[in-house]
Amino acid sequence: MIRTVESAPHASAPVLAAYSYCEAVTGQQARNFAYGIRLLPTPKRRAMSALYAFSRRVDDIGDGVLSSDVKIARLEDTRELLTRIREHEVDEDDTDPVAVALAHAADAFPIPLGGLDELIDGVLMDVRGETYETWDDLKVYCRCVAGAIGRLSLGVFGTEPAARGVERASEYADTLGLALQLTNILRDVREDAEGGRTYLPSDDLAKFGCSAGFSGPTPPEGSDFAGLVHFEVRRARALFAEGYRLLPMLDRRSGACVAAMAGIYRRLLDRIERDPEAVLRGRVSLPGREKAYVAVRGLSGLDARHVTRTVRRRA
């Protein structure tokens, strides 16, 4: 069982400034994520922003234009910073606001910081240009870059002591991360291809005649691109169904946060399913009003209650 400290320790002016910086980064660079965490009480929202800002830094190193050797060196520097945070060696007056905020958040909540090591490992896989032959291979990558974020977030959210099956909460958080990541991979398939990256398993690409890749706004000639997308959508839906079992184990506002973030991605998945080739023409996204609706639905607890009823029927 994972419990959290509902009231964070006193935050000094430098710590509050560090959190403000992280929240600004989150609001500017993670619109979907920001819609979810705004539903959290202040201490949890700040902690989630600190986690995001550190994760964003790691991702930006991997996505940048520097040489592979320089990226690897910077990622290892970031790992050393994480070690300093873990060993309580970051002072409140440190010049790195992300480190200051994350250090404070890790004191306030039982965040498993090893998950950020896993994220760094996943980004190193990107830098080294790894590709994936099977879904089992891709799952290793997804667990590093997304499943780990689910488990880190659970350290902030905590779980309800009396919830059924709470011992599997970490597993469900990990699975929900995989669902979000696979949705991201489908959404960004052309953008990733233009950057020289292929995430979808080569076995799946071959099965649907898509081994030639996605360099333009139309599918490879003679391929069943729609079949490939629908196949991956079904896989993502199964992951969402399993991961959603986490919702009844969270308090109302944490559950609302998770339901909002996951709900946005499930709606993205719906759009991709209706028009598979849209992902080759540009980035598929939701309008702000639809994201707001999903957030309100999450706050109402509708998704959590639906999952609870479903789980009880299956028990």
Side-chain angles (χ1 to χ4, degrees), residues 1-11 15-16 18-27 29-30 32-59 82 85-86 88 90 97-119 143 145-161 163 166-177 180-181 243-264 295 298-299 304:
M1 180 183 5
I2 300 172
R3 300 186 185 184
T4 60
V5 179
E6 289 300 325
S7 57
H10 171 74
V15 169
L16 291 176
Y19 276 131
S20 293
Y21 173 84
C22 292
E23 291 189 275
V25 169
T26 303
Q29 300 189 36
N32 292 343
F33 188 80
Y35 263 93
I37 68 170
R38 70 177 57 177
L39 303 176
L40 294 170
T42 299
K44 291 184 178 182
R45 188 188 70 245
R46 288 172 175 165
M48 291 295 290
S49 294
L51 279 173
Y52 175 82
F54 189 94
S55 301
R56 179 77 261 170
R57 177 179 296 180
V58 175
D59 286 340
L82 182 59
I85 293 170
R86 187 183 288 113
H88 306 283
V90 174
V98 176
V100 171
L102 184 57
H104 188 271
D107 284 340
F109 299 96
I111 299 172
L113 291 177
L116 292 171
D117 278 303
E118 293 181 57
L119 174 63
R143 285 214 158 93
V145 299
I149 301 302
R151 287 176 267 120
L152 286 158
S153 301
L154 187 61
V156 176
F157 297 145
T159 54
E160 292 290 272
V166 72
E167 68 280 356
R168 298 186 65 185
S170 182
E171 174 188 336
Y172 295 141
D174 182 278
T175 300
L176 201 52
L180 269 60
Q181 185 63 23
Y244 259 54
R245 289 172 175 263
L246 175 66
L247 291 182
M249 301 176 186
L250 306 177
D251 66 74
R252 178 172 174 266
R253 291 177 70 177
S254 296
C257 172
V258 173
M261 289 189 285
I264 287 170
L299 193 59

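Contact between Gly36 and Ala260 at its shortest, heavy atoms only, is CA-CB, 4.0 Å. The two residues Ala148 and Gly115 come nearest to each other via the heavy atoms CB-O, 3.4 Å. For the pair Ala173 and Gly150, the tightest heavy-atom approach, listed with the atom from each and the gap, is CB-O, 3.5 Å. A pairwise comparison of heavy atoms in Gly243 and Thr175 identifies N-CG2, 4.0 Å as the closest pair.
Between Phe157 and the choices Arg253, Met249, Met48, the side chain to side chain contact (heavy atoms under 4.5 Å, CB included) rule is met once, by Met48.
Annotation: the span from Cys257 atom SG to Ile37 atom CD1 amounts to 7.0 Å, rounded to 0.5 Å. Atom OG of Ser55 sits about 7.0 Å away from atom CG of Leu152, to the nearest 0.5 Å.
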Test log, rule side chain to side chain contact (heavy atoms under 4.5 Å, CB included), inputs Tyr19 and His104: CA-CA 9 Å; Tyr19 276 131; His104 188 271; 2.8 Å; yes

Would Asp59 and Val145 count as a side chain to side chain contact (heavy atoms under 4.5 Å, CB included) if you check the C-alpha gap in whole Å, the side-chain angles of each, and the deciding distance to 0.1 Å? CA-CA 9 Å; Asp59 286 340; Val145 299; 5.7 Å; no

Using the rule given for side chain to side chain contact (heavy atoms under 4.5 Å, CB included), can you reason through Asp251 versus Glu160, listing the C-alpha separation, both sets of side-chain angles and the distance that settles it, and then say yes or no? CA-CA 6 Å; Asp251 66 74; Glu160 292 290 272; 3.7 Å; yes

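Side-chain contact between Arg46 and Leu16 is present, with at least one heavy-atom pair separated by less than 4.5 Å. Put simply, the side chain of Ile85 reaches to within 4.5 Å of the side chain of Leu113, judged on heavy atoms. Looking at heavy atoms from C-beta onward, Arg86 lies in side-chain contact with Asp117 at the 4.5 angstrom threshold. Under the 4.5 Å side-chain criterion, counting only non-hydrogen atoms from C-beta, Ile111 is not in contact with Leu116.
For the pair Tyr21 (side chain) and Ala101 (backbone), a donor-acceptor distance under 3.5 Å is absent. Of the possible donor and acceptor atoms, one in the side chain of Tyr52 sits under 3.5 Å from a partner among the backbone N and O of Gln29. The backbone N or O of Leu250 sits nowhere less than 3.5 Å from a side-chain atom of Ser254 that would complete a donor-acceptor pair.
No salt bridge links Arg168 with Asp174; every basic N to acidic carboxylate O contact stays at or beyond 4.0 Å.
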